[in-house]
J.: 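Provided herewith is a single structure, encoded as structure tokens, for subsequent inquiry.
Just so it is clear: chains get the letters A, B, ... in the order the sequence lines come, proteins before strands, and each one is counted from 1. This structure is a prediction, so every number in the text was calculated from the model and none was measured. Note: hydrogens, waters and symmetry copies are ignored here, and every other heavy atom, side chains too, is used.
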Amino acid sequence: MMKKLIFALAFAATALSACDDDDIIDETIWVSDSNNRHLPAYTEWGYNTFGARVNDGYFISRRYGYSSPCRFTSGNDNMLMEMTGYDDIHYGLKDDRMVGLNIDFKFQHIAQYKELIELNGKSFDLSDNGQVNAVELVFNSWQERGDEDVTCRMTVERGTLTFSKVMLLRIDEEDEEAIVAGTFEIYGTLDNGKKYHITKGRFDFGVNERNLF
Amino acid sequence: MKKIVLSFLAVLALPLFADAQQLVAVNFETGFNFRFGEMKDFQQIRRGTSVFDDCGNDFDLTGTTSFFLGVKPEIALSDKFSILAGARLTTAHSSLLPFDNYFLWDIRNDGTTADCARINSIRQDNIYVGVPVELRWIIRGIHCISPYIKAGASADFRVYTHNNINFRNKRMERYSDTIDDQIGDPKSVSVPVYGAVGIQCGPNRCISAEFQLPNYTRNAQSSFFDSSAWGFGFQVSYRLPLIKNISQE
């Protein structure tokens, strides 16, 4: 009985210390942009933040927490990048609140996060069907449809997303994640005819097995 | 630099030129001071805690703590005013302590790979040899207690710097020299200025205690701070009288 108790305590201590080590790179680190306090500063540390001006509001990631605001899904010849956040200005005031931005790139299959380095310095023309399969905005319309997310495809008139810095983060000589940082700007129209101008977009994610599928 | 050294040598030699009636005592002093500062924005440090509207900080800045020992001959200008100039040995300590258990330091970054180390804390120790010069005004006291006010400055020359880097993973200790280089040394010369209020007491006013307000603007004696501003300190000293007739008013 005593042995089991000691084993359980040792296991708990190991598990807790392991969590502790992971926390620092899993955590969202919000550093405000000194020129625009609504947006995160452009960083290249894997701070798990993003932000952009969207028409008269802002679409940003949560300012704290431990879950990544971004998810990459790699297919045979495409890579879907999904950013999940909220409208900072109209939060709770508007029935059509932007909660997601999905961009489906035409890109080679990524088997593991280290291969994301192929994206370093790469720029995508979001209006070019040869480079991008689709750009979608996700809205949460709780007043009309009872807290349901609605995905709307966007026809992009012009837009660019640049992976300014994609690099491997090693801590204490062990590979931890890929830092994926960049900027974006999109001008387009939704199927319902509403125009969207997404400007000053910036992102800084840590990507590893947790959020690359 | 040459001018500074020469001027300090001149200050040190001051007592030699004072006549016997002016050189009234030698003061032996010890004390400490503590001052706050703005932490340098190290590009190598990854933030560990969200900072909301820049109200917070993810480092528990301990400021810089100094301990000093000194000896200062005292030259009387009148029965109330005197000049003190001498030598002082100062040790200055400062630390980077994160609120989290550790922080990440970017040791090497070639654009495609960032190699970081988990660091629990970094403590920096500096030793300075200084030449303080002070002007003291003794306010007439009662019985054998005399309050005084003082203004002074000290030219401190850095003679030793050491960073004690506490890595979370001991195998990373081989990168200590790289991190030392990235931290850099504080300025080799700093000139803090200070004011003080204190009292002298005891026979021949031989014991004094004073409260100091040092200013280290642009004189941070630490690599962790851009500049240290006001701080506070305390000093006690023993005054060995050489001549009694002027000093014992």
Side-chain angles (χ1 to χ4, degrees), chain A residues 16-41 43-49 60-66 113-121 163-181 204 206, chain B residues 38-61 96-122 164-180 182 226:
Chain A
L16 281 174
S17 65
C19 289
D20 189 36
D21 275 0
D22 289 338
D23 285 350
I24 199 164
I25 58 166
D26 294 346
E27 191 180 357
T28 292
I29 307 293
W30 182 278
V31 180
S32 294
D33 187 331
S34 54
N35 296 319
N36 188 333
R37 322 274 317 156
H38 292 284
L39 294 172
T43 52
E44 295 176 348
W45 266 110
Y47 283 160
N48 292 319
T49 54
I60 60 168
S61 57
R62 283 184 302 274
R63 289 175 181 241
Y64 55 89
Y66 287 89
Y113 69 86
K114 292 174 195 173
E115 295 172 20
L116 285 169
I117 289 174
E118 297 286 329
L119 288 167
N120 189 30
F163 291 97
S164 313
K165 178 66 75 181
V166 182
M167 65 180 171
L168 188 62
L169 176 65
R170 286 165 53 81
I171 302 176
D172 291 352
E173 300 183 323
E174 287 176 10
D175 296 343
E176 292 284 344
E177 64 180 22
I179 292 171
V180 180
D204 182 17
Chain B
E38 284 283 316
M39 185 181 152
K40 240 184 222 175
D41 185 17
F42 284 105
Q43 295 304 304
Q44 291 89 356
I45 292 179
R46 183 192 196 272
R47 302 193 95 135
T49 304
S50 275
V51 179
F52 302 108
D53 302 325
D54 292 341
C55 288
N57 202 316
D58 44 351
F59 277 87
D60 179 16
L61 287 178
L96 284 182
L97 292 168
F99 283 139
D100 284 330
N101 293 329
Y102 63 91
F103 60 97
L104 294 184
W105 184 282
D106 188 359
I107 301 168
R108 195 173 42 216
N109 191 327
D110 64 5
T112 56
T113 304
D115 265 304
C116 296
R118 288 186 174 95
I119 292 176
N120 294 326
S121 63
I122 305 178
N164 184 5
I165 304 167
N166 182 4
F167 290 94
R168 196 169 174 88
N169 191 326
K170 297 298 173 200
R171 75 165 179 267
M172 299 302 283
E173 282 176 358
R174 64 175 180 272
Y175 295 104
S176 294
D177 289 345
T178 308
I179 296 176
D180 272 347
Q182 289 169 327
D226 270 333

J.: So for B:F167, is it side chain, backbone, both, or neither that comes closer than 4.5 Å to the heavy atoms of chain A?
T.: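 Neither part, no heavy atoms under 4.5 Å.
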
J.: Using non-hydrogen atoms only, which part of B:N109 is less than 4.5 Å away from chain A: side chain, backbone, both, or neither?
T.: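 Only the side chain of B:N109 comes within 4.5 Å of chain A.
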
J.: Nearest 0.5 Å please: distance from the CZ atom of B:F103 over to the CZ atom of B:R168.
T.: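 Atom-to-atom, B:F103:CZ and B:R168:CZ are 12.0 Å apart.
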
J.: Quick one: are A:Y113 and A:V180 in side-chain contact, heavy atoms under 4.5 Å?
T.: no

J.: Heavy-atom distances under 4.5 Å only: say whether A:L169 touches chain B with side chain, backbone, both or neither.
T.: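 Both backbone and side chain of A:L169 come within 4.5 Å of chain B.
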
J.: Can you tell which part of A:N120 gets under 4.5 Å to a heavy atom of chain B, answering side chain, backbone, both or neither?
T.: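 Answer is side chain: those atoms of A:N120 sit under 4.5 Å from chain B.
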
J.: For B:S121, enumerate each residue passing the side-chain hydrogen bond (donor to acceptor under 3.5 Å, both in side chains) test, keeping only those at least two apart in sequence or located in another chain.
T.: none

J.: Taking only residues two or more places apart in sequence, or in another chain, which ones meet A:N48 in a side-chain hydrogen bond (donor to acceptor under 3.5 Å, both in side chains)?
T.: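 None.
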
J.: Identify which part of B:R171 has an atom lying under 4.5 Å from any heavy atom of chain A, answering side chain, backbone, both or neither.
T.: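 The side chain, not the backbone.
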
J.: Answer yes or no: is there a side-chain heavy-atom contact under 4.5 Å between B:I45 and B:I119?
T.: no

J.: Between A:I179, A:D175, A:L168, A:D172, which shows the greatest number of heavy-atom pairs under 4.5 Å with chain B?
T.: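 Option with the greatest count: A:D172.
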
